[in-house]
Enquirer: 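Let me give you the structure first, and then I'll get to my questions.
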Number of protein chains: 2
Amino acid sequence: MNEEKKDLSERKKLILKAIIDAHIENGEPVGSKFLTQNKQIAYSSATIRNEMAELEEMGFLEQPHTSAGRIPSELGYRFYVDSLVDRYNLTQNELAELKRLVLNKQTELDTILQNAMRLAAKLTNYTAMALRPRMLRITVDRYELMRLDEYTLVLIMVIGQTIQTRHVRSQIPVPAEVGMQLAKVLNECAAEKTAEEITMPLLMHMERQMGEYEFLVSPVIKSICETITGYDGGEIRFEGINRLLSYPEYYDMDRLKEMLALFERKEDLVKILSEEAGQIGPGSEQVQIFIGRENLVKIMDNSTLVFKTIKRQGTPVGAIGIIGPTRMDYKRVIAMIDTLTSGVTNVLDDGTPPAFTNDQDPVTGKE
Amino acid sequence: MNEEKKDLSERKKLILKAIIDAHIENGEPVGSKFLTQNKQIAYSSATIRNEMAELEEMGFLEQPHTSAGRIPSELGYRFYVDSLVDRYNLTQNELAELKRLVLNKQTELDTILQNAMRLAAKLTNYTAMALRPRMLRITVDRYELMRLDEYTLVLIMVIGQTIQTRHVRSQIPVPAEVGMQLAKVLNECAAEKTAEEITMPLLMHMERQMGEYEFLVSPVIKSICETITGYDGGEIRFEGINRLLSYPEYYDMDRLKEMLALFERKEDLVKILSEEAGQIGPGSEQVQIFIGRENLVKIMDNSTLVFKTIKRQGTPVGAIGIIGPTRMDYKRVIAMIDTLTSGVTNVLDDGTPPAFTNDQDPVTGKE
DNA sequence: ATTTAGCACTCGAACATGAACAGTGCTAAA
DNA sequence: TTTAGCACTGTTCATGTTCGAGTGCTAAAT
């Protein structure tokens, strides 16, 4: 994929990398003269200018206006993250924080995701995102019913490794045996079934089995279907939205407004990201990076999303991501997300605290 | 409470109200000439100017700069909401939306709060807030244990009307009987106890009762304590943060930044608001309004918080609020929050759909 | 064939200027 | 007690000016 880009001369690569590094550092367009300060670049400003003009021609750079320096284009960033970006080694401090997170050994998926998201936001100082993706065939493995009081039952549903509960209220007292009976019926008829597979005939069959308490069936089934569809719909949360304001690219009100509006379009985001996160294959093994208006969320003009899937026994159960300006500190963010998600995946699988070393390139997967 | 403010002449009240109404309408300082267009005010601009000067003297108005009109001060708004603001009658449409919410008959407190918050944000076009307040003496009423698989138990805790679950993992297989045994021990020893009341001797006592499976006790108790302290710590959520940007007062980056930072200081907010929401007495019966830097959250310079407690069987279990510029449409917001919270409270208590009429003044409680 | 120095050019940022305007406070008359 | 009139003040907006950074191009140098 980056083979075809190898047609960039080494000198062009050097200059492009220097420009992007500098731009990430200070956020301003970088000019030819500035680059001559870079020890690695032993050419005059005029030479650099010529190279820059060519790089612009090729689409890697752009010029805000005639008499300004150059800034990287989205294509430029793409090339940068694919083949130019340095490896970042997490500091001892950062490693320690990550370790503390997984040693905490939470087992509730939601809690884990939330904590991981918080930590990601804190460590990177960008906005963090936690996704519980949509899933295709959500079914309840098992039902339990618990009597809260005479009139109230609690329906407990085991979905994969997680538990969902719902209250069921009756107008007349429900004896304990009826609750057990209902649980039995549910487990016989409604377990391992998707919302679509719970049909009217099935419901009527269950009602018949419940005798005089048949009136309980319909509301319970309604609750079940709501829960299933609510759960397989996925969920997305954000943390550290205010951190956006640390970066000058969001000082533009319109852009900011768009971003905040985006954050509230949770259904859309869940849908789009679930498709990315749910992919089987090498894609979901690695950190994924979406720069600017590259495919998915069109609105993210000047923003980049870096995220990686979290798995439990091989299937994706979540994703943690970072959202920030295209001009973000890619090397740190990539390293952070990669280590974080790997750590969480490990813990989910077997509770083993992971190694926490920077062992392989999180994007290309090599060495 | 507003008796002592009655020393304002009727004319001053008229003018003050007109100024605030106008300012709420268009957001700009209002001048003397503009007010002469108001049919109710049959004085010349000069007279109005004199009155305005006096009102400023008294602290109800302020002047951004010498040659501008007047804007209401926080004191002015306070007086306005206490004694000047009109009653707002919800439109048929609004009433219908509220009705739909409660007819939905959710029974999960969290879901109800979340839906109510969403609706509040949508109907008012301000940022909405949902609070589950801190509580003093949270205890688990009952424990249940469910076997997920050989190595995993699910601990189910009944706290008041709500259910909390936690996973418990064991290194070696746990037979079903052991789970039941553990549940029995928990119900005997750890029910109705706050986190502080579960002491080391008690823990050791439980361990002794569990025989060779004593290793389960410690992690379970840890989970329980975490859950209790997590739960009684309360929770706060927001919806529609981007709506802030509809209002020019948040076009100032610094202010906006402060607001967003405030939204992320959830612990502090929960603490402060819980104290307000949890008060027994008339305070929590009514819509509460905090204007600008009035007590609590100091940072809310140009913002107002309007909120009201939601109760179940007389005790506060939540609160719904609206956050917006001090220049907010008080009459609509107050009416909305009042009707919404009353409706939800009703449903929580007995499932009765409430009347949905504007029957009494939500702030002063009279007539 | 490359690289570099030099120079004219362009454009935006920052600042100053001045007119138009809205709204005030004050005074004197009604 | 109210009102008309007027001088005064501060904001906003359009316009103009300067300054400097950075460019592209050309011609000389390597």
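We name chains A, B, ... by the order of the sequence lines, and we start the count at 1 in each one.
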Enquirer: Looking at A:Ser303, is its backbone amide N or carbonyl O close enough to the side chain of A:Thr326 to form a donor-acceptor pair, meaning the two atoms are under 3.5 Å apart?
Expert: no
Enquirer: Just the rounded figure in Å: distance from P of C:dT3 to CD of A:Glu54.
Expert: 11 Å
Enquirer: Atom CZ of B:Phe34 to atom P of C:dT24: distance rounded to whole Å?
Expert: 12 Å
Enquirer: Using whole Å, what does the distance between atom P of nucleotide D:dT3 and atom OH of B:Tyr43 come to?
Expert: 8 Å
Enquirer: Would you mind building the protein contact string for nucleotides 23-30 of chain D? One character per nucleotide, 5' to 3', B for base within reach (heavy atoms under 4.0 Å), S for sugar-phosphate only, - for untouched.
Expert: BB------
Enquirer: Does any donor atom in the side chain of B:Tyr80 or B:Asp21 lie under 3.5 Å from an acceptor atom in the other side chain?
Expert: yes
Enquirer: DNA chain D: B:His65 or B:Arg11, which has the more 5' nearest nucleotide?
Expert: B:Arg11
Enquirer: From CG of B:Leu55 over to C1' of C:dG23, roughly how many Å is that when rounded to an integer?
Expert: 17 Å
Enquirer: Specify the separation, in whole Å, of atom CD1 of A:Ile48 and atom C1' of C:dT2.
Expert: 15 Å
Enquirer: Using five base pairs at each end, measure the axis-to-axis angle across the helix from C:dA1-D:dT30 to C:dA30-D:dT1 and round it to 10 degrees.
Expert: 20°
Enquirer: Check this for me: B:Gln37, atom CD, are more than 12 non-hydrogen atoms of other residues, nucleotides or ligands nearer than 6.0 Å?
Expert: yes
Enquirer: Tell me: CD of B:Glu51 to P of C:dG23, nearest whole Å?
Expert: 19 Å
Enquirer: May I ask you to decide if the ring planes of B:Phe307 and B:Phe290 are parallel, tilted or perpendicular, using 30° and 60° as cut-offs?
Expert: parallel
Enquirer: For the residue pair A:Tyr126 and A:Tyr247, categorise the inter-ring angle as parallel (less than 30°), tilted (30 to 60°) or perpendicular (more than 60°).
Expert: parallel
Enquirer: Please state how far atom CD in B:Glu28 lies from atom C1' in D:dT11, giving the value in whole angstrom units.
Expert: 13 Å
Enquirer: What pairs of donor and acceptor atoms, side-chain ones from residues 22-30 of chain B against any protein atom, are under 3.5 angstrom apart with sequence neighbours left out?
Expert:
{"residue": "B:His23", "atom": "ND1", "partner": "B:Glu28", "partner atom": "O", "Å": "2.9"}
{"residue": "B:Asn26", "atom": "OD1", "partner": "B:Glu28", "partner atom": "N", "Å": "3.0"}

Enquirer: Would you mind listing every salt bridge (Lys or Arg N to Asp or Glu O under 4.0 Å) that reaches into residues 240-257 of chain B, with sequence neighbours excluded?
Expert: B:Glu249-B:Arg327
Enquirer: With sequence neighbours left out, what residues match B:Lys331 under salt bridge (charged side-chain N to carboxylate O under 4.0 Å, His left out)?
Expert: B:Asp329
Enquirer: Can you list the residues that meet the side-chain hydrogen bond (donor to acceptor under 3.5 Å, both in side chains) rule with B:Glu56, with sequence neighbours excluded?
Expert: B:Arg70
